[in-house]
Amino acid sequence: MVASEVAARPRVGELVSGDVAHHATEGDRHLLAVVDALGHGAVAHGVAQLAVAFLRGARASQGVEQIVEGLHLALRQTRGAAAAVCVLEGNTLSGCSVGNVALRAERSRLGLVATPGVLGVRLHRPRVFQSRLDAPDRLCIFSDGVSSRLDLKQVSSQPLRGAARRILEQFGHPHDDATVLLMDIGADA
């Protein structure tokens with residue numbers, strides 16, 4: 001069983017966010033993504049909306065590399081974005097992070113190596129990792145508006161909704177948009 005929760009907020013003083021999270025299920029596959037448009041405010045929000053429109057049409061069965069390359073093309077002529085795109089199938093997580101969107105797992109080791117570039121502007125060949133998750137586990141994908149000091153063990157006993165909100169409250173930077181996609185994977189999810 002898989003359950004997810006998103007917590008997001010714009011930069012202090014802004015009304016809209018340039019971050020967006022996406023989770024879609026296709027059979028036994030889950031497409032997960034967090035996109036962080038460069039900058040903040042209305043223009044970044046527009047880029048984030050283009051990204052989520054593309055992701056709504058993407059299918060997990062396409063594979064991570066093809067989805068990342070498609071997202072790059074969809075964001076051409078914009079200021080660009082950083083993003084992490086993952087596909088979860090069973091206990092296998094495949095993913096790619098372009099720029100500074102990060103991933104953490106509470107129990108499992110992830111073999112993430114970020115791909116240099118900016119989606120929509122310039123992209124090196126996507127570096128796709130594959131890791132086996134130790135179920136049950138909690139996975140977190142987060143924008144750089146959340147501190148890299150994030151420790152999932154601090155919220156491991158909390159339900160998803162409360163945990164996602166607490167991450168934003170405790171680790172969110174007020175000077176940037178912040179988004180967390182939190183997912184519980186396994187029998188007790």
Side-chain angles (χ1 to χ4, degrees), residues 1-37 40 44-45 48 51-52 55-56 60 64 81-97 99-112 114 129-189:
M1 183 173 170
V2 173
S4 69
E5 183 69 33
V6 173
R9 60 142 183 81
R11 173 187 173 176
V12 171
E14 296 287 352
L15 299 176
V16 293
S17 176
D19 288 1
V20 68
H22 178 76
H23 175 194
T25 302
E26 177 188 338
D28 64 344
R29 293 183 184 115
H30 299 270
L31 172 59
L32 314 164
V34 169
V35 178
D36 180 355
H40 31 77
H45 179 73
V52 81
L55 291 167
R56 285 184 183 128
V64 171
V85 175
C86 298
V87 172
L88 175 67
E89 185 172 5
N91 286 357
T92 302
L93 181 71
S94 301
C96 175
S97 178
N100 53 9
V101 176
L103 277 75
R104 293 271 167 75
E106 185 178 341
R107 301 178 67 212
S108 306
R109 267 183 73 84
L110 302 178
L112 172 69
F129 75 90
Q130 195 170 64
S131 296
R132 183 156 177 79
L133 300 179
D134 301 321
D137 204 350
R138 182 166 275 185
L139 178 70
C140 184
I141 306 174
F142 56 100
S143 69
D144 71 339
V146 177
S147 172
S148 61
R149 294 185 313 237
L150 165 66
D151 182 0
L152 287 176
K153 291 182 177 156
Q154 292 183 8
V155 295
S156 64
S157 63
Q158 293 184 332
L160 277 175
R161 180 171 295 192
R165 288 183 183 156
R166 181 166 175 218
I167 288 169
L168 274 190
E169 290 168 8
Q170 188 171 350
F171 297 100
H173 298 301
H175 62 273
D176 201 356
D177 300 331
T179 298
V180 172
L181 171 60
L182 202 56
M183 175 175 270
D184 282 345
I185 302 154
D188 297 331

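For the numbers below, each heavy atom of this structure counts, side chains included, while hydrogens, waters and symmetry mates do not. Note that the numbering runs from 1 along the sequence shown for the chain.
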Open item on the list: Suppose we screen for side-chain hydrogen bond (donor to acceptor under 3.5 Å, both in side chains). Which residues come up paired with R9, at least two apart in sequence or across chains?
Closed with: none

Show me the donor-acceptor pairs, under 3.5 Å and distance only, between side chains in residues 100-108 and residues at least two apart or in other chains.
residue, atom, partner, partner atom, Å
N100, ND2, D144, OD2, 2.9
R104, NH1, S148, O, 3.1
R104, NH1, L150, O, 2.7
R104, NH2, S148, O, 2.6
R107, NH1, P136, O, 2.7
S108, OG, D134, N, 2.7
S108, OG, D137, OD2, 2.5

TODO: Under the side-chain hydrogen bond (donor to acceptor under 3.5 Å, both in side chains) rule, collect the residues that match up with E169, sequence neighbours excluded.
DONE: none

Open item on the list: Going by ring pair (Phe, Tyr, Trp, His ring centres under 6.0 Å), name the pairs with one or both residues in residues 141-174, residues two or more places apart or in two chains.
Closed with: H173-H175

Task: Set of side-chain hydrogen bond (donor to acceptor under 3.5 Å, both in side chains) partners for D19, sequence neighbours left out - done: S143, T179

Open item on the list: Determine whether I185 and L93 satisfy the following criterion, side chain to side chain contact (heavy atoms under 4.5 Å, CB included), listing intermediate values before the conclusion.
Closed with: CA-CA 11 Å; I185 302 154; L93 181 71; over 6 Å; no

TODO: Output all residues satisfying ring pair (Phe, Tyr, Trp, His ring centres under 6.0 Å) with H45, sequence neighbours left out; order by chain, then residue number.
DONE: none

Open item on the list: I need the L182 CG to R138 CZ distance, nearest 0.5 Å.
Closed with: 5.0 Å

Task: Closest non-hydrogen atom pair, A48 against A37 - done: N-CB, 4.2 Å

- [ ] Given side chain to side chain contact (heavy atoms under 4.5 Å, CB included), test L133 with L88 step by step and report yes or no.
- [x] CA-CA 9 Å; L133 300 179; L88 175 67; 3.8 Å; yes

- [ ] Quick one: list whatever passes side chain to side chain contact (heavy atoms under 4.5 Å, CB included) with V12, sequence neighbours left out.
- [x] P174

- [ ] To the nearest 0.5 Å, tell me how far L152 CG sits from L139 CG.
- [x] 8.5 Å

Task: Shortest non-hydrogen separation from G95 to V64 and the atoms involved - done: C-CG1, 3.8 Å

Open item on the list: Does anything in residues 150-160 form a side-chain hydrogen bond (donor to acceptor under 3.5 Å, both in side chains)? List the pairs, not counting sequence neighbours.
Closed with: Q154-Q170

Open item on the list: Contact between L181 and S4 at the side-chain level, heavy atoms closer than 4.5 Å - yes or no?
Closed with: yes

- [ ] Would you please name every residue forming a side chain to side chain contact (heavy atoms under 4.5 Å, CB included) with R56, sequence neighbours left out?
- [x] H22, V52

Open item on the list: The criterion is ring pair (Phe, Tyr, Trp, His ring centres under 6.0 Å); which residues satisfy it with H23, sequence neighbours excluded?
Closed with: H30

Open item on the list: Main chain of A164, side chain of E5: is a donor-acceptor contact present, judged purely on distance under 3.5 Å?
Closed with: no

- [ ] Answer yes or no: is there a side-chain heavy-atom contact under 4.5 Å between V85 and L31?
- [x] yes

TODO: Mark yes or no for whether D177, through its side chain, and R11, through its backbone, hold a donor-acceptor pair below 3.5 Å.
DONE: yes

Task: Pairs satisfying side-chain hydrogen bond (donor to acceptor under 3.5 Å, both in side chains), at least one member in residues 86-96, at least two apart - done: R29-E89, S94-Q130

